[in-house]
Amino acid sequence: MPPASLDNSVTAWVDECARLTRPERIHWCDGSEEEYRRLVSGMLQDGTLLELDPKRHPESYLHRSHPSDVARSENLTFICSDQKDDAGPTNNWMSPRDAIQKLTPLFEGSMKGRTLYVVPYLMGPVGSRYSRMGIEITDSPYVAASLKIMTRMGKVALDHLGGSADFVRGLHSLGDLSPDRRFVCHFPEQKLIWSIGSGYGGNALLPKKCFALRIGSWMARQEGWLAEHMLILGLEDPEGRVTYMAAAFPSACGKTNLAMLVPPASQKGWKVWTVGDDIAWMHFGKDGRLYAVNPEAGFFAVAPGTSTKSNPNMMATIAKNTIFTNVALTSDRRPWWEGMDGPAPAEAVDWQGNPWKPGSSKAAHPNSRFTTPARQCPALSARFDDPEGVPISAILFGGRRARVAPLVFEAFDWRHGVFLGATMGSETTAASTGQVGVIRRDPMAMIPFCGYNMADYFAHWLRVGAKSDEAAPTIFHVNWFQTGPDGSFLWPGFGENMRVLRWILARCRGEADAVRTPIGYLPTRESIDLSGLDLSDDSVRKLLSVDREAWTRELAEMKAFFERFGGRMPEELWQEHDRLTHRLQLEAA
Ligand code: GTP
Ligand code: SPV
Ligand code: MN
């Protein structure tokens with residue numbers, strides 16, 4: 001039964017979706033623990049979930065998605081704005097009419113024999129003026145249960161909505177899971193999402209990338225704020241002062257790990273507090289400073305590589321109440337993935353349910369993940385639920401670059417920082433279907449997630465920062481992923497990234513030296529703590545210097561990327577491109 005307080009438009013929309021998809025029954029989710037347990041027990045019965053050893057992994061389950069449905073499908077993701085130009089050259093576009101025409105037959109009767117779940121959810125802290133409402137209609141109990149972990153779901157959300165009709169509508173159906181009939185369509189003008197044919201992560205958990213980033217970025221531009229693919233962390237110094245930073249790295253490029261960083265013994269007294277690991281909604285306050293909230297309530301994070309060594313906070317977080325997706329299962333019913341602690345099990349069942357032995361293929365899918373409540377994270381910031389958000393002092397952009405990008409450098413000013421974000425390059429990863437390891441331009445880590453023309457997005461970034469001037473965060477670029485001749489990483493990364501965060505903080509406080517180079521301010525060897533690291537002189541040089549020839553080659557790629565936007569590209573960024581060209585030439589002379 002729908003709750004009585006609702007605006008008619010909510011029930012009318014649910015009725016309309018039910019007429020289209022013809023479910024056997026409709027269930028309005030209240031977000032209670034009891035409801036969650038009922039969802040889980042249904043899935044245990046029909047095999048959608050497998051129970052893990054309840055002693056070692058209480059209330060934790062394994063889900064295997066369809067083997068063709070293991071990552072976001074960027075090629076099947078569309079922005080359906082009225083005008084094609086408003087989607088821009090980096091998005092797939094369909095006219096709203098064509099999209100409705102194409103997807104309506106796919107949704108017709110798609111929920112026959114299934115339950116339609118109405119999932120109301122709140123994005124952002126309870127009681128925050130920055131929080132937004134959404135409702136997802138789905139026929140996947142896995143999605144409904146995941147949303148209980150990932151969002152503030154059910155009653156709390158409806159209480160926030162009150163009698164208002166202002167919410168983002170999301171209609172999702174598993175359909176027949178065929179990639180030929182899979183579409184993720186966004187109608188930003190209608191605040192509407194239609195997704196069919198996938199049960200996986202970003203394709204199906206509509207609040208996450210579809211709402212919080214694609215529709216969110218559209219709303220943010222209209223309303224003067226920023227919806228970004230960023231982690232949020234608080235860096236505590238040995239005196240107990242906490243400084244907040246946000247960082248945009250592309251999918252599977254280290255956001256979760258940096259947000260939960262545990263420093264090595266050498267970095268005594270320093271600590272990282274986690275506010276968010278994937279998405280930041282940021283508003284400029286009256287004081288000109290930028291304040292960030294994390295719209296999510298859980299983490300949907302990459303499993304492979306997660307261990308007590310690389311990310312002990314995450315290993316503690318996932319100790320209970322966690323849904324694992326596409327990881328391997330050991331004979332004693334524990335989850336396992338490549339890069340976890342200890343030796344590989346002698347045998348296991350792989351992510352597809354087949355017997356597995358070490359040395360054959362990957363046991364866990366490279367994009368296997370887990371869904372886990374943020375409140376279980378031992379490093380969760382005390383300001384996680386702060387309705388006003390946390391003030392951001394530094395913004396970090398970063399990619400996965402085997403060459404070219406040094407360990408860290410600082411932008412000259414906001415405008416140059418926007419240029420650094422706009423020209424980011426990174427190797428593609430398993431988080432999206434398609435080729436892995438090819439360099440693509442991924443501005444602000446938003447190429448798959450910006451819900452409108454990215455030229456307008458750059459202009460928006462330039463505009464919001466210019467307004468707040470001195471109080472705006474300082475912008476940096478980082479790269480943990482430079483490799484040496486043998487292909488191994490030059491920089492130890494993970495906890496050792498604290499050394500870079502400390503340099504960034506010291507720069508924000510005006511306390512660290514830097515050298516001015518054509519690309520920005522780089523640390524001097526003395527200004528960044530490299531003590532006790534086993535780095536060769538050659539590695540240090542590569543990490544802390546500018547490869548002029550490589551950057552000169554980058555110029556052409558940046559230019560080609562900017563040209564795709566034609567006359568819509570902000571002139572300021574072309575000027576930054578010219579300036580970088582001049583600086584690189586000057587140094588060459
Ligand atoms: P999404 O959830 O897809 O947005 O990814 P993310 O940006 O949160 O990436 P995550 O922190 O999950 O890291 C992805 C992969 O990069 C994992 O396999 C990590 O082990 C690895 N990784 C993270 N940080 C570092 C680092 O500092 N150095 C190296 N070499 N690898 C890292
Ligand atoms: C990403 O791909 O950036 C993710 C996972 O965080 S998904 O929810 O699938 O988008
Ligand atoms: Mn992400």
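Order of appearance sets the numbers: ligands from 1, and atoms from 1 within every ligand. The first residue of the sequence shown is numbered 1, and numbering continues consecutively from there.
Listed for the Gln482 side chain is a donor-acceptor partner under 3.5 Å among the backbone atoms of Ala405. The backbone N or O of Leu206 sits less than 3.5 Å from a side-chain atom of Glu136, completing a donor-acceptor pair.
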Evaluate side-chain contact (heavy atoms from CB on, under 4.5 Å) for Phe489 paired with Trp480, printing each intermediate quantity in order. CA-CA 8 Å; Phe489 294 114; Trp480 318 140; over 6 Å; no

Determine, step by step, whether Met230 and Phe397 satisfy the side-chain contact (heavy atoms from CB on, under 4.5 Å) criterion, reporting the C-alpha distance in whole Å, the side-chain angles of both residues, the deciding distance to 0.1 Å, and the verdict. CA-CA 9 Å; Met230 290 183 180; Phe397 292 124; 4.1 Å; yes

Apply salt bridge (Lys or Arg N to Asp or Glu O under 4.0 Å) to the pair Asp237 and Arg502, showing each step before the final yes or no. CA-CA 9 Å; Asp237 70 12; Arg502 283 178 56 196; over 6 Å; no

Could you go through the salt bridge (Lys or Arg N to Asp or Glu O under 4.0 Å) check for Arg541 and Asp537 one step at a time? CA-CA 6 Å; Arg541 194 182 45 73; Asp537 273 356; over 6 Å; no

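Around the CG atom of Asp534, the shell of radius 6.0 Å holds no more than 12 heavy atoms that belong to other residues, nucleotides or ligands. The environment of NZ in Lys362 is sparse: at most 12 heavy-atom neighbours from other residues, nucleotides or ligands sit within 6.0 Å. The local environment of CZ in Arg403 is sparse, with at most 12 non-hydrogen atoms from other residues, nucleotides or ligands closer than 6.0 Å.
Each protein N, O or S atom less than 2.8 Å from the Mn ion (ligand 3) was counted, giving 3.
Applying the 4.0 Å criterion to heavy atoms of Ala431 picks out, from ligand 2, the atoms 2 (O). Contact atoms of ligand 2 toward Phe449: 3 (O) (distance under 4.0 Å to a heavy atom of the residue). Interface of His229 with ligand 2, defined as ligand atoms under 4.0 Å from a residue heavy atom, comprises 3 (O). Residue Val302 has at least one heavy-atom neighbour below 4.0 Å for each of these atoms of ligand 1: 12 (O). For ligand 2, the atoms sitting less than 4.0 Å from at least one non-hydrogen atom of Gly202 are 7 (S), 8 (O), 9 (O), 10 (O), numbered in the order shown with element in parentheses. The ligand atoms of ligand 1 that sit less than 4.0 angstrom from a heavy atom of Arg369 are 1 (P), 2 (O), 3 (O). Using a 4.0 Å cut-off to heavy atoms of Asp278, the atoms of ligand 2 that qualify are 6 (O). Interface atoms of ligand 2 facing Lys208, defined by a heavy-atom separation under 4.0 Å, are 6 (O), 8 (O). Residue-ligand proximity, Phe489 to ligand 1, at heavy-atom distances under 4.0 Å covers atoms 30 (N).
Between Trp336 and Trp356, the two ring planes are tilted [angle within 30° to 60°]. Using a 30° and 60° split on the angle between ring planes, Phe183 and Phe78 fall in the tilted class, from 30° to 60°. Using cut-offs of 30° and 60° for the angle between ring planes, the Phe211 and Tyr121 rings count as tilted.
Of all protein heavy atoms, the one closest to atom 1 (P) of ligand 1 is Ala252 N, 3.4 Å. Scanning all protein heavy atoms for the shortest distance to atom 11 (O) of ligand 1 gives Asn257 ND2, 2.8 Å. Of all protein heavy atoms, the one closest to atom 3 (O) of ligand 2 is Ser251 OG, 2.5 Å. Of all protein heavy atoms, the one closest to atom 4 (O) of ligand 1 is Lys255 NZ, 2.7 Å. Protein heavy atom in closest approach to atom 17 (C) of ligand 1: Pro304 O, 3.7 Å. The protein non-hydrogen atom at the shortest distance from atom 4 (C) of ligand 2 is Lys209 NZ, 2.8 Å.
Ligand 1 has an N or O atom lying under 3.5 Å from an N or O atom of Gly254, backbone or side chain. Polar contact check, Arg400 against ligand 1: a nitrogen or oxygen pair lies under 3.5 Å apart. The distance criterion of under 3.5 Å between nitrogen or oxygen atoms is met by Asp278 with respect to ligand 1. On a distance-only criterion, Cys253 and ligand 1 share at least one N/O pair closer than 3.5 Å.
With a heavy-atom cut-off of 4.0 Å, Pro250 touches ligand 1 through its backbone alone. Residue contacts with ligand 1, taken as heavy atom pairs separated by less than 4.0 Å, involve Asn497 solely via side-chain atoms from C-beta onward. Only the side chain of Phe481 comes within 4.0 Å of ligand 1, judged by heavy-atom distances. Under 4.0 angstrom from ligand 1, the non-hydrogen atoms of Ser251 come from both its backbone and its side chain. The proximity of Phe494 to ligand 1, defined as any non-hydrogen pair under 4.0 Å, involves the side chain as well as the backbone. Neither the backbone nor the side chain of Phe249 has a heavy atom within less than 4.0 Å of ligand 2. Contacts of Ser310 with ligand 1, taken as heavy-atom pairs under 4.0 Å, are absent altogether. At a heavy-atom distance under 4.0 Å, no atom of Thr306 approaches ligand 1. The proximity of Met314 to ligand 1, defined as any non-hydrogen pair under 4.0 Å, does not occur for either the backbone or the side chain.
In this structure, of Leu231, Thr256, Thr483, the residue bringing a heavy atom nearest to atom 8 (O) of ligand 1 is Thr256.
When all heavy atoms are compared, the tightest approach of Arg214 to Ile79 is CD-CD1, 4.0 Å. Pairing each heavy atom of Trp270 with each of Pro263, the nearest pair is O-CG, 3.2 Å. Considering all non-hydrogen atoms of both residues, Met282 and Ala246 come closest at SD-CB, 4.3 Å. Considering all non-hydrogen atoms of both residues, Asn91 and Gly451 come closest at ND2-C, 4.3 Å.
The distance from the OG1 atom of Thr325 to the CZ atom of Arg64 is 11.0 Å, given to the nearest 0.5 Å. One distance of note links NZ of Lys542 with OG of Ser536; it measures 7.5 Å at 0.5 Å rounding. Between the OG1 atom of Thr256 and the CG atom of Leu261 there is a distance of 12.5 Å, given to the nearest 0.5 Å.
At least one cation-pi condition fails for Lys255 and Phe249: the charged atom is not both under 6.0 angstrom from the six-membered ring centre and inside a 45 degree cone around its axis.
Using a 4.0 Å heavy-atom cutoff, Lys255 is absent from the residues neighbouring ligand 2. For the ligand labelled ligand 1, residue Ala301 lies outside the 4.0 Å heavy-atom shell.
The only member of Phe299, Tyr61, Phe300, Trp337 that meets ring pair (Phe, Tyr, Trp, His ring centres under 6.0 Å) when paired with Phe370 is Trp337.
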